[in-house]
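Quantities reported herein were computed from a predicted structural model and do not represent experimental measurements. Any value given below was found using the heavy atoms of this structure, including those in side chains, with hydrogens, waters and symmetry copies removed.
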Amino acid sequence: MLNSYPYLPHFLAPLWFVLCWGGYTRYASLKAQTTPCLASVLHLYREDWMRRMLMRENRIADANVIGNLERNASFFASSTLIILAGILTVLGASDRALSLLADIPFVQPASRGLSEIKLLCLGVIFVYAFFTFSWCMRQYNFAAVLVGSAPMVGERHVTEQERKAFGERTARVISMAANQFNFGLRAYYFGMATLAWFINPWFFMLVTAGVVVVLYRREFHSDVLEVMVYTPTPAAEVAKEKSE
């Protein structure tokens, strides 16, 4: 049957890809509401960060942290433009790229039109990544403005309720920027999986499923998540604190 429809695997592979990417994104957002994950736990740490920031007179360190986060997003946005330039270059020399791929073992032969479609799909993924990282950068800019406008410790006309609301609002903006950064990283993961499409559509589907497994384990069952959720305290230290 597959011999009668040679392009059927190439039609099923991108559908499976979109289903895995979109399905996991939806699943992760819903599961994060009821299960500890990197995103939800880090948001709690950001709320603690903002509460402590409002208690400090000097906020230079807080501004530096946000600046470093913004530079990380800027680095990936710049790298994405370089990747897009490379994809456009390969798209303009698709005949030479096909000849190079034909020399690699286990590569399924494909027409020039199909190869260009694969390159265009790869380009769309990294265009999405660029817009995601650039929006992340802007949100970190918004967070920097919020930190700069944070009420000082000695301002008497600002109530504790207003301080608490301001801290929660700032933490939420930083978390929104971090979520956009996470979406951009996922685009990189799935973009790497798309390279397997040039070898074989079935291999592409297998690698896509593998990316979902890797993302799930890192976001919901990673060692760093376990440490951030619960850090065991040695019994000797507990006894010492009680004695004091």
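- Salt-bridge check for Arg56 with Asp62: passed, with a basic side-chain N closer than 4.0 Å to an acidic carboxylate O.
- A 6.0 Å sphere centred on CG of Asp223 holds no more than 12 heavy atoms belonging to other residues, nucleotides or ligands.
- Val65 and Phe142 fall within a single hydrophobic cluster, where Ile, Leu, Val, Met, Phe, Trp and Tyr are joined by side-chain heavy atoms under 4.5 Å apart, directly or via other members.
- The environment of CZ in Phe131 is sparse: at most 12 heavy-atom neighbours from other residues, nucleotides or ligands sit within 6.0 Å.
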Between Phe181 and Phe76, is a side-chain contact (heavy atoms from CB on, under 4.5 Å) present by the stated rule, with each step listed? CA-CA 9 Å; Phe181 187 81; Phe76 277 98; 3.7 Å; yes
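- Criterion: ILVMFWY side-chain heavy atoms under 4.5 Å apart, direct or through other members. Under it, Ile66 and Leu42 are not part of a common hydrophobic cluster.
- Here the OG-OH distance, from Ser175 to Tyr45, works out to 13.5 Å after rounding to the nearest 0.5 Å.
- Around the CD1 atom of Ile60, the shell of radius 6.0 Å holds no more than 12 heavy atoms that belong to other residues, nucleotides or ligands.
- Not one N or O on the side chain of Trp197 forms a donor-acceptor pair closer than 3.5 Å with the backbone of Phe204.
- Nearest heavy-atom pair, Ala129 versus Ala187, reported as atom, atom and distance to 0.1 Å: CB-CB, 3.7 Å.
- Counting heavy atoms from C-beta outward, Glu70 and Arg138 have side chains that stay 4.5 Å or more apart.
- Using a distance-only test at 3.5 Å, with no hydrogens or angles considered, a donor-acceptor pair links the side chain of Arg59 to the main chain of Met53.
- Residues passing the side chain to side chain contact (heavy atoms under 4.5 Å, CB included) test with Ala171, sequence neighbours excluded: His43, Arg46, Glu47, Met50.
- Hydrophobic clustering places Tyr24 together with Tyr128 (ILVMFWY residues linked when any side-chain heavy atoms are closer than 4.5 Å, directly or through intermediates).
- Note: Lys31 NZ to Tyr216 OH = 4.5 Å, rounded to the nearest 0.5 Å.
- In the hydrophobic clustering of ILVMFWY residues, with side-chain heavy atoms under 4.5 Å counting as a link, Phe11 and Ile117 come out apart.
- Met137 contributes atom CE, which lies 11.5 Å from atom OH of Tyr140 (distance to the nearest 0.5 angstrom).
- Glu116 places no side-chain N or O within 3.5 Å of a backbone atom of Gly113 that could act as its donor or acceptor partner.
- One distance of note links CH2 of Trp21 with OH of Tyr189; it measures 13.5 Å at 0.5 Å rounding.
- Annotation for Ala143 and Ile174: closest pair CB-CG1, 3.6 Å, computed over non-hydrogen atoms.
- Residue Arg52 places its CZ atom among 12 or fewer non-hydrogen atoms of other residues, nucleotides or ligands, all under 6.0 Å distant.
- Taking 4.5 Å as the limit, every side-chain heavy atom of Phe75 sits out of range of all side-chain heavy atoms of Phe133.
- Applying the salt bridge (charged side-chain N to carboxylate O under 4.0 Å, His left out) rule to pairs touching residues 193-212 yields nothing, sequence neighbours excluded.
- When every heavy atom of Val211 is checked against every heavy atom of Ala193, the shortest pair comes out as CG2-CB, 3.9 Å.
- With sequence neighbours excluded, the residues forming a side chain to side chain contact (heavy atoms under 4.5 Å, CB included) with Phe126 are Thr80, Ile83, Leu84, Ile87, Leu122, Tyr188, Met192, listed by chain and number.
- Pairing each heavy atom of Val212 with each of Cys20, the nearest pair is CG2-CB, 3.8 Å.
- Panel note: side chain Ser40, backbone Pro36; no donor-acceptor pair is recorded below 3.5 Å.
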Begin with the C-alpha distance, continue with both residues' side-chain angles, and end with the deciding distance and a verdict on side-chain contact (heavy atoms from CB on, under 4.5 Å) for Met55 and Arg163. CA-CA 10 Å; Met55 298 169 59; Arg163 290 178 181 273; over 6 Å; no
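- Val41 and Leu38 fall within the same hydrophobic cluster, defined by Ile, Leu, Val, Met, Phe, Trp and Tyr side-chain heavy atoms under 4.5 Å apart, directly or through other members.
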Please step through side-chain contact (heavy atoms from CB on, under 4.5 Å) for the pair Phe166 and Val158, ending with a clear verdict. CA-CA 10 Å; Phe166 185 90; Val158 181; over 6 Å; no
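- More than 12 heavy atoms of other residues, nucleotides or ligands sit less than 6.0 Å from atom CZ of Phe220.
- Minimum heavy-atom separation, Gln139 to Ala177: OE1-CA, 3.1 Å.
- Separating the CG atom in Leu91 from the NZ atom in Lys118 is a distance of 13.5 Å, to the nearest 0.5 Å.
- Remark: of the listed residues Val213, Val214, Leu215, Val213 is the sole one forming a side-chain contact (heavy atoms from CB on, under 4.5 Å) with Arg217.
- At most 12 non-hydrogen atoms from other residues, nucleotides or ligands lie less than 6.0 angstrom from CH2 of Trp16.
- Note that the CG atom of Leu69 and the OG atom of Ser74 stand 12.5 Å from one another [nearest 0.5 Å].
- Side-chain contact check for Leu81 versus Ser78: every heavy-atom pair is 4.5 Å or farther apart.
- The shortest side-chain heavy-atom distance between Leu119 and Phe198 falls under the 4.5 Å cut-off.
- Residues Phe190 and Leu185 have side chains not in contact (no heavy-atom distance under 4.5 Å, counting atoms from C-beta outward).
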